[in-house]
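On a predicted model such as this, the values are computed, not experimentally measured, just so you know.
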Amino acid sequence: MLLRRSGNVILVLVSRTEPNPYEVLGVDRDADQDKIRAAYRRLALEYHPDRNPGNSEAEERFKELSTAYATLRDPEARVRYDRYGRRPGTETFQAVDWQTIFREADLRIDWDARGGVPQTGNAVFDFLFGAVTGAMRFSGFLPGQDRHRGITIPLELARYGGLQRVRVPGPSVCPTCGGRGRGYGGGICQACAGRRQLASAEVDLTIPAGVRDGVKLRLKGLGGLGTPPGDALFTVQVGLPEGVRRVGNDLHTDLFLTPLEAARGAKVEVVGVSVTIPEGVCAGQVLTFPSKGLSGGDLVLTIQFDVWRGLWRTVKSWARRLSPV
């Protein structure tokens with residue numbers, strides 16, 4: 001603080017002092033490099049913006065911590081600060097060898113896969129932040145991100161359940177090695193070549209019988225790398241055949257019969273289930289078949305007379321019966 005008299009007025013000039021890097025990291029002035037590095041890692045994880053989304057104070061704190069560590073990790077910069085109480089003007093947040101700093105803090109970043117990063121001066125914080133976040137997850141310091149995808153399944157699969165082959169968007173945990181990078185025999189995983197994750201992966205998803213639209217099915221641990229790894233989540237949409245409507249768990253559709261079928265009655269297959277049509281039904285008549293819909297819902301058929309559509313339905317039914325399994 002400087003005092004300066006101007007006439008009868010005393011001006012108080014306050015000089016802005018730089019944060020004390022020792023106080024920022026919470027270490028003593030005689031702390032060795034291991035203690036300084038451990039303090040930075042612990043605090044950087046606590047204040048990392050990814051753990052404090054939308055918190056600008058946490059982001060600024062993260063920058064302050066990184067700047068303090070950048071000073072104390074460099075012997076010359078540390079001596080300069082101890083002697084003069086300040087850092088040189090070039091030692092700003094964006095003018096530091098962040099590649100080395102992150103490596104020393106055990107944040108393993110595949111810079112080549114990211115197209116390379118300038119070692120000093122030219123890297124924008126937002127880009128570095130994205131790289132650091134990925135590195136923290138890859139190194140197991142942050143939870144992995146969930147991967148989301150919507151899938152459409154056929155009506156028959158929704159009704160009876162079964163397996164559906166799905167693609168997990170990546171990068172996501174390699175399902176072959178479970179993110180270990182090595183096979184069960186000890187060698188490098190052939191599926192991911194030891195990288196622990198894939199750009200996308202195909203896996204079998206178990207579809208429960210009677211699944212509804214909008215249900216989310218989870219494959220635990222097959223999302224993004226991290227500790228714990230994220231999950232793969234699939235939002236289910238049931239694909240209905242043309243002309244079929246779903247009302248709750250009830251299925252509504254028209255059934256086209258020939259006049260002969262209507263007069264004599266018939267056993268027909270509709271939306272994957274077999275029903276018996278009584279003799280003497282009329283056009284426009286509505287028949288309800290309990291528990292023939294989805295999840296205990298009903299199948300509701302509106303009878304229509306149409307010779308050609310009735311014959312075509314019969315031909316398709318025969319073809320399905322004769323086709324090899």
Side-chain angles (χ1 to χ4, degrees), residues 1-2 13-53 55-144 181 194-196 225-227:
M1 178 183 298
L2 299 177
L13 304 180
V14 180
S15 61
R16 184 178 180 181
T17 60
E18 296 179 357
N20 183 320
Y22 295 101
E23 294 178 356
V24 170
L25 294 176
V27 296
D28 297 330
R29 281 186 171 269
D30 59 353
D32 59 23
Q33 288 298 314
D34 289 339
K35 290 183 178 179
I36 291 173
R37 182 167 53 250
Y40 170 63
R41 272 185 58 182
R42 176 177 55 82
L43 292 170
L45 287 173
E46 179 180 353
Y47 289 99
H48 194 283
D50 190 64
R51 288 188 168 180
N52 303 271
N55 188 338
S56 59
E57 294 182 1
E59 180 176 324
E60 290 303 318
R61 176 68 169 147
F62 178 77
K63 294 180 181 180
E64 185 180 55
L65 290 166
S66 298
T67 305
Y69 178 65
T71 298
L72 298 185
R73 63 165 289 278
D74 183 345
E76 292 184 7
R78 183 175 180 179
V79 169
R80 193 179 301 116
Y81 179 83
D82 290 342
R83 181 174 299 173
Y84 301 110
R86 60 183 177 84
R87 296 183 295 270
T90 56
E91 289 181 7
T92 64
F93 186 80
Q94 292 179 344
V96 175
D97 185 351
W98 294 108
Q99 185 173 359
T100 299
I101 286 178
F102 294 149
R103 184 170 61 247
E104 289 178 353
D106 295 330
L107 300 180
R108 298 180 292 276
I109 302 176
D110 187 352
W111 298 100
D112 293 334
R114 297 178 181 274
V117 172
Q119 288 196 348
T120 59
N122 298 322
V124 180
F125 173 73
D126 288 342
F127 180 86
L128 287 172
F129 164 60
V132 173
T133 302
M136 285 183 171
R137 288 198 172 98
F138 190 86
S139 301
F141 298 144
L142 292 177
R195 298 178 67 88
R196 301 167 55 202
L225 285 173
T227 303

Study note, to complete from the structure: Heavy-atom nearest pair, Ala39 first then Val27, reads CB-CG1, 3.7 Å
Practice item. For residues Thr71 and Ala77, report the shortest heavy-atom separation together with the two atoms involved. Key: O-CB, 3.6 Å
Exercise for review: Begin with the C-alpha distance, continue with both residues' side-chain angles, and end with the deciding distance and a verdict on side chain to side chain contact (heavy atoms under 4.5 Å, CB included) for Tyr81 and Asn20.
Suggested key: CA-CA 9 Å; Tyr81 179 83; Asn20 183 320; 3.4 Å; yes
Check your understanding: Asp30: what forms a side-chain contact (heavy atoms from CB on, under 4.5 Å) with it, not counting sequence neighbours?
Key -> Asp28
Practice item. Would you please test Arg61 and Glu57 for side chain to side chain contact (heavy atoms under 4.5 Å, CB included) and show each step? Key: CA-CA 6 Å; Arg61 176 68 169 147; Glu57 294 182 1; over 6 Å; no
Review point. With a 4.5 Å heavy-atom cut-off, do Leu25 and Lys35 have their side chains touching?
Key: no
**Study point:** By salt bridge (charged side-chain N to carboxylate O under 4.0 Å, His left out) - contacts of Arg29 (at least two apart)
**Key:** Asp82
Exercise for review: Kindly compute the distance separating CG (Leu72) from OH (Tyr40), expressed to the nearest 0.5 Å.
Suggested key: 12.0 Å
Review point. If you measure from CG on Asp32 to CZ on Arg37, what distance do you get to the nearest 0.5 Å?
Key: 9.0 Å
Check your understanding: Looking at side-chain heavy atoms only, is the closest gap between Val24 and Tyr69 below 4.5 Å?
Key -> no
Revision key, fill the gap. For Arg78, the salt bridge (charged side-chain N to carboxylate O under 4.0 Å, His left out) test, sequence neighbours excluded, returns none
Review point. Rounded to the nearest 0.5 Å, how far apart are CG of Leu225 and CZ of Arg195?
Key: 10.5 Å
**Study point:** Minimum side-chain heavy-atom gap Arg73-Gln33 below 4.5 Å
**Key:** yes
Practice item. Please name all residues satisfying side-chain contact (heavy atoms from CB on, under 4.5 Å) with Ala38, sequence neighbours left out, ordered by chain then number. Key: none
